[in-house]
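Beneath this line is the structure, given in structure tokens, with notes to follow.
To find a chain, count down the sequence lines: A is the first, B the second, and so on, and within it residues start at 1.
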2 protein chains.
Amino acid sequence: MTATRRPSLVDQVRSGLLEDLVSGKLAPGAKLPNENEIGERFGVSRATVREAVLGLMEAGYLARRHGSGTYVTKAPRSRHALDSTVSYTEMIREAGHEPGVMVLSNTVREPTEEEAELFDVTGTILELERVRLADARPVIYSRDSIPSALIEGTPPQAMFRSLYAVLAEAGHEVRRATAELLPVLADTKLARVLEVKRGAPLLHIDQVDYDTKGHAVMLSLEWHVADAFELIVNRRA
Amino acid sequence: MTATRRPSLVDQVRSGLLEDLVSGKLAPGAKLPNENEIGERFGVSRATVREAVLGLMEAGYLARRHGSGTYVTKAPRSRHALDSTVSYTEMIREAGHEPGVMVLSNTVREPTEEEAELFDVTGTILELERVRLADARPVIYSRDSIPSALIEGTPPQAMFRSLYAVLAEAGHEVRRATAELLPVLADTKLARVLEVKRGAPLLHIDQVDYDTKGHAVMLSLEWHVADAFELIVNRRA
DNA sequence: GAGTGGTCTAGACCACCGT
DNA sequence: CGGTGGTCTAGACCACTCC
């Protein structure tokens with residue numbers, strides 16, 4: 001259905017300002033009008049302007065300086081940042097490569113002890129073993145586990161699409177995730193599926209995805225080829 | 001001086017709620033009073049309550065459900081998350097280890113091409129080569145570069161403390177940072193200083209720190225021992 | 001001192017959840 | 001339907017920056 005909702009006033013102001021940014025009407029380093037003037041332009045209150053600006057600040061486009069003004073950031077936002085996207089398909093595409101997926105296995109099995117503890121629901125686990133491709137080159141090997149109960153009725157061929165889309169359609173949209181990072185060496189199996197040498201450096205990511213209600217809905221074990229694409233993390237004090 | 005500033009009302013409400021959380025008065029899964037009641041309790045308006053709750057949501061303690069209520073998150077917040085701290089000293093301490101630092105070198109030199117482009121100021125670069133310890137075990141080797149102009153007048157012995165503290169005192173408090181992650185293998189030098197085998201897996205982090213004005217103030221090249229402590233990244237959709 | 005963002009209020013109406 | 005969070009307003013005063 002993808003209900004077409006009226007964008008909030010905050011959204012409208014944010015989009016309006018963003019348009020000025022990408023069109024170049026507001027160049028990097030330029031100073032924005034003050035908050036009252038922006039409010040007049042869009043016909044909204046100052047509180048609404050502030051929330052819109054806050055969003056653009058978090059996205060890295062703007063910087064506020066108390067007592068001075070609001071300015072356009074010089075350094076453009078880093079794409080495919082690890083902390084602001086959860087979809088690797090998107091990440092690969094934004095890095096300028098053609099994303100692809102190869103399904104190695106698709107099984108239903110009993111939960112492991114770790115999974116039984118992690119997931120609130122009981123029952124079997126659907127495990128998907130895949131290799132992601134960037135321009136036909138293997139870049140990520142992953143083993144994803146989802147409780148079968150969460151995606152009952154989803155046709156098997158849907159598994160070839162994004163698991164996030166599958167979960168969202170089943171009413172379990174992923175809102176946030178926790179990822180643990182660990183550098184490892186490629187063993188024989190990983191070397192084969194990722195087409196690297198045995199002992200090559202890989203980044204292992206152990207990730208748990210949570211839906212809007214805060215329930216764990218997917219466990220992902222991933223191994224990333226070292227130089228496939230830049231993995232960026234934005235850190236804040 | 002560390003000016004003692006009156007905490008804002010938002011801070012007071014956030015602290016008050018946080019106290020209930022850590023004391024267990026509000027158990028995981030419990031439902032909070034509605035926003036008007038919280039406002040009455042602290043004597044503030046609903047907007048103030050909402051901003052405080054927003055902070056606790058971003059920190060992962062609370063979850064709001066439209067039309068239902070605000071609830072205490074079940075999974076406790078992961079400590080030493082890579083995206084919410086920039087100080088490794090803190091990270092090591094929170095992981096339950098005694099942090100330590102060994103300074104390998106402390107030199108002043110001309111900027112590299114990359115540094116000249118990155119930093120807004122000109123002049124020489126102060127480079128600090130260090131090994132961080134957790135309970136006397138080497139866990140991170142780092143090479144930090146700061147434009148000398150930014151920390152003029154800082155006594156040399158200050159370099160043994162946190163560089164973030166040094167920068168903050170010089171009026172360049174670090175607000176955010178961008179980190180690029182890359183799994184690598186230990187070469188001979190890294191193996192020696194980190195006391196691991198040659199070819200051992202390491203996590204290389206290439207980080208740029210920015211101050212409140214958005215200017216780059218420090219460039220850090222780091223190599224982390226694989227299993228020293230868990231590196232977590234919180235991701236949001 | 002003039003102008004900016006930072007904080008806060010009191011109230012209104014809307015959208016969603018559960019009974 | 002009542003209760004919850006989601007959005008928004010109009011106005012006030014404070015804190016900081018810069019001339």
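In this structure, the CZ atom of B:Arg50 is 17 Å from the P atom of C:dT7, given to the nearest Å. One atom, CG of A:Leu32, and another, P of C:dG3, lie 19 Å apart when rounded to the nearest Å. Spacing between atom OH of A:Tyr71 and atom C1' of C:dG5 amounts to 11 Å, rounded to whole angstrom units. Spacing between atom NZ of B:Lys31 and atom P of D:dG3 amounts to 11 Å, rounded to whole angstrom units. The NE2-P distance, from A:His66 to C:dG5, rounds to 9 Å in whole Å. Regarding B:Arg14, its CZ atom lies at a distance of 10 Å from the P atom of C:dT7, rounded to whole Å.
A salt bridge between B:Glu222 and B:Arg130 is absent, with no side-chain N of the basic residue lying under 4.0 Å from a carboxylate O of the acidic one. Salt bridge B:Arg109/B:Glu115: present, at least one basic N to carboxylate O contact under 4.0 Å. At a threshold of 4.0 Å, the pair A:Asp20-A:Arg41 counts as salt-bridged, since one of the basic side-chain nitrogens sits closer than that to a carboxylate oxygen.
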All N/O contacts under 3.5 Å from nucleotides 9-12 of chain C to the protein, with atom names and distances to one decimal?
| residue | atom | partner | partner atom | Å |
| --- | --- | --- | --- | --- |
| C:dT9 | OP2 | B:Ser45 | N | 2.8 |
| C:dT9 | OP2 | B:Ser45 | OG | 2.9 |
| C:dT9 | OP2 | B:Thr48 | OG1 | 2.4 |
| C:dA12 | N6 | B:Arg46 | NH1 | 3.2 |

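Nearest approach of B:Glu110 to B:Thr124, heavy atoms of both residues: OE2-CG2, 3.7 Å. Here the closest heavy-atom approach between residue A:Arg14 and residue A:Ala52 is recorded as N-CB, 3.8 Å.
Donor-acceptor pairing under 3.5 Å is lacking for the side chains of A:Ser142 and A:Ser220.
Between the CG atom in A:Leu9 and the CD atom in A:Glu51 there is a gap of 10.5 Å [rounded to 0.5 Å].
For B:Arg64 and D:dG6, the shortest distance from a side-chain N or O to OP1 or OP2 is below 4.0 Å. Between D:dG5 and B:Thr70, a contact under 4.0 Å exists linking OP1 or OP2 to a side-chain N or O.
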Begin with the C-alpha distance, continue with both residues' side-chain angles, and end with the deciding distance and a verdict on side-chain contact (heavy atoms from CB on, under 4.5 Å) for A:Val217 and A:Ile146.
-> CA-CA 6 Å; A:Val217 294; A:Ile146 303 177; 5.8 Å; no

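Place A:Glu51 and A:Gly67 on DNA chain D by their nearest nucleotides, and A:Glu51 ends up nearer the 5' end.
Under a cutoff of 6.0 Å and an axis angle of 45°, B:Arg64 and B:Tyr71 do not form a cation-pi pair.
Remark: A:Asn34, A:Glu35 in residues 34-41 of chain A come within less than 4.0 Å of DNA chain C through at least one heavy atom.
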